[in-house]
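Start at 1 and go down the list; that is how both ligands and their atoms are numbered.
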Amino acid sequence: MPDNETTAPSLENLLHETRAFPPSTEFAAQANAQASLYEEADADRLGFWADRARELVTWKSPFTQTLDWSDAPVARWFADGTLNAAYNAVDRHVDAGLGDRVAIHFEGEPGDTRTVTYADLQREVSRAANALASLGVTKGDRVVIYLPMLVESVVAMLACAGLGAPHSVVFGGFSADALRSRIADAGAKVVITADGGYRRGAASALKPAVDEAVAPKEGEPATTVEHILVVRRTEQDVAWTEGRDVWWHDVVDAASDVHEPEWVDAEHPLFILYTSGTTGKPKGILHTTGGYLTQAAYTHRNVFDLKAESDVYWCTADIGWVTGHTYIVYGPMLNGATQVLYEGTPDTPHKGRWWELVEKYKVSLFYTAPTAIRACMKWGEDIPAGFDLSSLRLLGSVGEPINPEAWMWYRRVIGGDTAPIVDTWWQTETGAIMISPLPGVTATKPGSAQVALPGIAADVVDDEAHSVPDGGGGYLVLSEPWPSMLRGIWGDLQRFKDTYWSRFEGLYFAGDGAKKDEDGDIWLLGRVDDVMNVSGHRLSTTEIESALVSHDVVAEAAVVGAADELSGQAVVAFVILRGEHADDAATDEGSARVEKALRDHVATQIGPIAKPKKILVVPELPKTRSGKIMRRLLRDVAENRTVGDATTLADSSVMDLIAAGLSKPSASED
Ligand code: WT7
């Protein structure tokens with residue numbers, strides 16, 4: 001059994017609550033997806049994907065070969081075709097006469113709004129592409145985007161795509177240090193940022209982090225960044241370096257609004273997106289153009305049942321994560337969707353803000369994360385009940401397993417007991433949805449992502465890579481290449497092979513534990529590696545441990561993800577302090593001071609999202625004779641459980657010491 005099993009809900013409990021919800025005949029009759037898709041894909045998987053690629057993507061020159069797997073695990077899909085991602089997302093809709101269709105209903109947190117049609121978007125993306133070109137960006141150059149949720153964020157990504165310049169979006173919540181290492185790893189030429197953005201009712205700053213990230217630092221090579229392009233969003237003062245820093249409104253507004261897309265090969269890099277792995281260093285996940293766009297468009301159309309003429313779609317993710325890439329920018333825009341883009345938090349200025357927006361824009365398709373649903377449950381159903389949510393006809397969930405209670409609440413309170421819920425399993429690495437019910441086809445089950453999409457091959461295997469029978473549990477694997485699969489880790493092919501392809505011969509190992517129920521439906525049970533999932537965000541235990549031990553007072557640190565009612569998992573850190581600092585921390589006041597310092601330190605090193613919720617100062621860490629930290633035992637402590645079998649510990653008295661040290665309650669972060 002995977003080590004993380006202890007944190008996952010038991011299947012028996014899940015199944016106990018299970019009830020399947022068959023699609024209504026009305027929904028099924030009009031659904032984009034039909035059951036025949038499975039048969040079609042089973043009969044000829046590659047032919048199925050080639051058909052999707054021709055039907056959903058416009059090619060400058062057509063491909064003749066669907067998949068080249070001769071260099072496995074690096075796949076080449078539709079390799080001899082040429083195309084452009086921005087052309088597919090924007091220009092072709094204008095060419096088809098849809099220029100007046102609204103692409104984005106933007107809503108700023110302070111309540112400012114902006115309506116952007118596909119024709120507006122075409123002009124703005126063209127201007128931004130021309131402006132980037134004037135700053136020296138050409139095909140193949142990397143551009144880092146560090147922005148809040150603004151129309152400009154979407155425009156910036158598409159402008160890069162229009163130039164064939166891979167973008168690397170860094171979530172605005174990451175620190176200057178995290179930004180610096182991502183800029184350096186990608187060798188970015190330009191960074192696009194903003195003075196700041198609005199969050200929780202106040203203007204927060206972004207530009208200072210960029211300044212810090214590109215500043216000279218002892219022992220590190222000079223930055224590759226030549227220009228910083230800055231969007232004006234707030235009225236904050238910003239430090240300015242003449243010649244290097246450029247205002248968006250100066251260069252973009254002045255640029256020509258006509259831009260000829262750079263036609264690229266299907267395997268040309270579209271973007272790099274950094275994600276946490278099991279080691280300290282984030283991985284630059286590389287995605288290319290043709291296959292990625294094909295699966296983004298196909299899944300968006302079929303999993304969300306998008307009817308572009310009438311639906312209003314809203315995905316609440318941030319563009320700093322893969323969900324924002326595939327299900328705000330590329331998937332919906334390839335399909336010509338109308339969507340809501342919201343800058344701020346769900347509870348500003350009040351806890352009904354999301355539902356207010358659903359009512360205001362008549363949102364029909366809504367995609368969010370379980371952690372947000374659980375927060376809304378906690379706030380109470382009176383809040384959504386105060387708004388007209390009758391426009392909603394489909395709900396999606398992503399980022400972590402959704403507990404059946406949250407699923408049922410989502411269906412009943414938000415979906416009016418009729419909207420189907422699609423629980424979509426995928427990863428930064430998979431590029432697009434892999435496992436999900438098909439609305440209108442699948443009878444949905446609360447808590448289960450259920451079935452691999454047509455064209456996708458997923459399985460659950462045991463330690464020896466044998467497929468487990470129905471009712472069995474093990475590891476989730478993907479057994480056939482798929483169009484939107486990662487093409488590697490930027491600059492590190494070997495790490496790509498080691499991380500995903502070495503655990504099971506010929507199979508992609510996702511890092512998730514899973515079970516099959518008696519119907520063969522798949523239930524995801526959480527990570528089985530040293531990756532935590534906090535509010536649907538992926539964090540590495542090792543990365544946070546490295547951040548902690550880089551602080552002067554820390555001798556050793558161990559981090560675990562402990563079950564948390566709201567965020568799924570919460571970061572809990574166990575630290576051993578150095579000599580005299582341990583004495584300082586012996587008082588309540590001293591330990592509170594140390595905990596605050598360490599929390600702030602993690603925020604500086606990685607970002608506020610990685611801050612431990614609890615830090616426990618301990619005299620020892622439980623280790624095996626070979627020196628491996630037994631996280632399972634620490635999780636028991638963190639989750640207030642009786643500590644499990646500790647017989648393999650080198651020193652079995654350690655757990656008593658830890659327990660004794662914990663007898664006083666620790667201050668925890670709210
Ligand atoms: C990890 C990937 C996919 C976009 C957001 C996260 C977990 C994701 C589900 C789901 C259970 C899920 C997995 C996966 N995960 N969706 N529907 N049910 N678990 O992308 O940051 O790359 O994280 O998120 O553990 O491996 P990511």
Side-chain angles (χ1 to χ4, degrees), residues 2 4 7-9 11 14 169 171 173-174 271-278 282-285 287 295-296 299-300 303 315-331 367-373 395-404 406-407 410 421-437 444-453 458 460 475-478 484-486 489 499-500 508-515 521-540 543 561 567-569 609-610:
N4 275 27
T7 61
L11 185 65
L14 296 179
V169 182
F171 174 59
F174 278 118
F271 66 86
I272 305 166
L273 185 60
Y274 288 84
T275 187
S276 296
T278 51
K283 303 175 285 197
I285 303 300
H287 283 288
Q295 198 173 328
T299 51
H300 186 261
V303 174
C315 165
T316 66
D318 189 283
I319 54 141
W321 310 110
V322 74
T323 308
H325 284 57
T326 310
Y327 297 108
I328 293 178
V329 181
Y330 293 108
Y367 193 28
T368 196
T371 188
I373 299 164
L395 304 173
S397 172
V398 65
E400 53 181 317
I402 176 165
N403 47 310
W407 196 104
Y410 196 25
I421 295 181
V422 288
D423 175 7
T424 62
W425 179 90
W426 58 297
Q427 309 177 295
T428 306
E429 291 87 340
T430 69
I433 298 170
M434 303 293 283
I435 302 177
S436 166
T444 56
K445 284 182 191 172
S448 171
Q450 298 187 287
V451 269
L453 290 180
V460 180
Y475 307 95
L476 183 71
V477 295
L478 302 167
S484 65
M485 67 195 293
L486 74 167
I489 292 176
T499 309
Y500 306 103
Y508 171 91
F509 172 49
D512 280 288
K515 296 205 179 196
D521 280 330
I522 297 174
W523 296 68
L524 276 309
L525 300 174
R527 303 288 305 196
V528 293
D529 51 13
D530 291 336
V531 171
M532 294 169 292
N533 190 324
V534 179
S535 301
H537 297 152
R538 206 157 135 180
L539 297 170
S540 149
E543 202 182 345
S567 57
Q569 285 189 305
I609 45 165

* Asked: Hey, does R538 come in under 3.5 Å of ligand 1, counting only N/O atoms on both sides?
  -> yes
* W425 side chain reached by V398 side chain, heavy atoms, under 4.5 Å -> no
* Measure the distances from the heavy atoms of A449 to every atom of ligand 1 and state whether one is below 4.0 angstrom. => no
* Which heavy atom of S535 sits nearest a heavy atom of E400, and at what distance? -> C-OE2, 4.0 Å
* Does ligand 1 have a heavy atom under 4.0 Å from the side chain of I402, from its backbone, from both, or from neither? -> neither
* Asked: Is Q427 close to ligand 1, meaning an N/O of one under 3.5 Å from an N/O of the other?
  -> yes
* In terms of side-chain geometry, is the basic nitrogen of E543 or K283 positioned less than 4.0 Å from the acidic oxygen of its partner? -> no
* May I ask you to check whether H325 and Y330 place their ring centres under 6.0 Å from each other? => no
* Asked: For ligand 1, which atoms, with element, lie under 4.0 Å from some heavy atom of N533?
  -> 7 (C), 24 (O)
* Taking heavy atoms and a distance under 4.0 Å, where does D512 meet ligand 1: side chain, backbone, both or neither? -> side chain
* Asked: Just checking, is any N or O donor in the side chain of Y367 or T323 under 3.5 Å from an acceptor N or O on the other one?
  -> no
* In sequence, state the C-alpha distance, the side-chain angles, and the governing distance for Y500 and Y508, and then conclude on ring pair (Phe, Tyr, Trp, His ring centres under 6.0 Å). => CA-CA 5 Å; Y500 306 103; Y508 171 91; 5.2 Å; yes
* Asked: Is a side-chain donor-acceptor pair under 3.5 Å present for S567 with T371?
  -> no
* Structure fact -> atom 11 (C) of ligand 1 sits nearest the protein heavy atom P401 N, 3.1 Å
* **For R527, the ligand 1 atoms whose distance to one of its heavy atoms is below 4.0 Å** => 14 (C), 25 (O), 26 (O)
* To do: Decide whether T299 and Y327 meet the rule of one side-chain donor and one side-chain acceptor closer than 3.5 Å.
  => yes
* Is it the side chain (CB and beyond), the backbone, both or neither of V531 that lies under 4.0 Å from ligand 1, heavy atoms counted? -> neither
* Asked: Under a heavy-atom criterion of less than 4.0 Å, does G399 contact ligand 1?
  -> yes
* To do: Assess W425 for proximity to ligand 1: is some non-hydrogen atom of it under 4.0 Å away?
  => yes
* Asked: Which option out of H537, M532, E400 puts a heavy atom nearest to atom 9 (C) of ligand 1?
  -> E400
